[in-house]
Amino acid sequence: MNTLDDIAREIRHCQRCDLAKTRTNAVPGDGNLQADVLFIGEGPGKSEDVQGIPFVGAAGKFLDEMLAEIKLKRKDVYITNIVKCRPPGNRDPKDEEISMCWPYLKQQVALIKPKLIVTLGRHAMNRFLPGLKISQVHGQAKRYKGVATEKQVYFPLYHPAVALYNGSYRDILKADMRKIPKLLSMIKGV
Ligand code: URA
């Protein structure tokens, strides 16, 4: 059985799709390997590509700020993306890129065994909860057939980057995020 370190090593050397040709660094993920909460974004941006760490740019700063409001630090959660290499010019990841990268994410979920999977943005949500509209389901917990266990709890949120372009999403995202502690204690039955 692979460990998360094995998977990260494989990701750093991955050549499965064309994103490998343009990346500076692949970005496997960051945080607590036994986290209860797994955050899944879309794909690395410019700063993430340079540093090899997810969510370290402007959207990441906002994510850190929202985590701090619910008394969580990055080291308490695990953060990764549906594609591990930067799409050039920050374009949307293509379906085939997401599919090529999917086995990595699947293994990460299986090893971390999070109690709650928070998807950030519609791309991450679509992969786990196909057919839903983010404008209708953001901030609502969904129990759904999971990738690592029979049923898993998903919590779709808007992507933090949208809040940087449109201030009204900032409050929506923060309000949704504030539901996490209670949701987590309900899942854990405490
Ligand atoms: N946006 C993402 O979706 N992921 C990152 O790692 C950074 C920005």
Side-chain angles (χ1 to χ4, degrees), residues 4 7-8 10-12 14 16-20 22-33 35 37-68 72-102 104-109 112 114 116-130 132 134-135 137-139 147 154-167 169-170 172-174 176-177 180:
L4 280 158
I7 296 163
E10 220 185 296
I11 291 170
R12 286 195 195 94
C14 183
R16 287 186 196 175
C17 79
D18 280 352
L19 296 181
T22 48
R23 74 172 177 231
T24 312
N25 290 293
V27 183
D30 183 39
N32 188 329
L33 309 185
V37 191
L38 172 63
F39 286 86
I40 304 177
E42 182 178 316
K46 192 163 189 238
S47 313
E48 292 78 20
D49 175 68
V50 170
Q51 297 186 43
I53 303 169
F55 283 97
V56 287
K61 297 251 153 37
F62 182 47
L63 180 61
D64 288 349
E65 188 186 316
M66 290 191 291
L67 285 174
L72 287 175
K73 296 198 171 65
R74 290 176 73 108
K75 66 173 176 51
D76 300 317
V77 301
Y78 195 84
I79 304 175
T80 188
N81 285 298
I82 46 166
V83 296
K84 314 298 192 198
C85 297
R86 183 189 184 206
N90 295 349
R91 64 159 168 76
D92 286 352
K94 296 178 184 167
D95 285 346
E96 73 251 32
E97 292 159 355
I98 295 174
S99 299
M100 288 297 181
C101 226
W102 176 241
Y104 295 132
L105 184 52
K106 223 168 125 177
Q107 288 183 77
Q108 288 174 316
V109 174
I112 296 168
L116 181 66
I117 295 182
V118 181
T119 57
L120 301 170
R122 69 189 163 88
H123 290 286
M125 184 193 74
N126 281 341
R127 191 69 216 196
F128 291 94
L129 305 166
L132 299 185
I134 195 154
S135 56
V137 300
H138 69 88
V147 296
Y154 295 92
F155 193 55
L157 296 186
Y158 282 114
H159 194 287
V162 301
L164 305 176
Y165 304 112
N166 183 337
Y169 284 94
R170 221 182 143 79
I172 298 174
L173 247 168
K174 283 191 169 189
D176 286 348
M177 192 78 136
I180 289 179

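This chain uses plain numbering: 1 for the first residue, then up along the sequence. In listed order, ligands and their atoms are each counted from 1. Hydrogens, waters and symmetry mates are skipped; everything else that's a heavy atom, side chains included, is used.
Protein heavy atom at the shortest distance from atom 4 (N) of ligand 1 is Asn81 OD1, 2.7 Å. At the shortest separation from atom 2 (C) of ligand 1 among protein heavy atoms lies Gly43 O, 3.0 Å.
None of Val37, Asp176, Val77 except one satisfies the side chain to side chain contact (heavy atoms under 4.5 Å, CB included) rule with Val118; the exception is Val37.
Checked against a 3.5 angstrom limit, the closest N/O atoms of Gly41 and ligand 1 fall outside it.
For the pair Asn32 (side chain) and Tyr78 (backbone), a donor-acceptor distance under 3.5 Å is absent.
Atoms of ligand 1 found under 4.0 Å from any heavy atom of Pro54, numbered from 1 in the order shown, are 6 (O). Atoms of ligand 1 found under 4.0 Å from any heavy atom of His159 (numbered from 1 in listed order, with element): 1 (N), 2 (C), 3 (O). Numbered from 1 in the order shown, with element, the atoms of ligand 1 that lie under 4.0 Å from a heavy atom of Glu42 read 2 (C), 3 (O).
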Working for ring pair (Phe, Tyr, Trp, His ring centres under 6.0 Å), residues His159 and Phe62: CA-CA 10 Å; His159 194 287; Phe62 182 47; over 10 Å; no
Hey, mind stepping through Ile40 and Phe128 against side chain to side chain contact (heavy atoms under 4.5 Å, CB included) and telling me if it holds? CA-CA 10 Å; Ile40 304 177; Phe128 291 94; 3.6 Å; yes
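Ion pairing of Glu10 with Lys84 is absent here, as no side-chain N (NZ or NE/NH1/NH2) approaches a carboxylate O to less than 4.0 Å.
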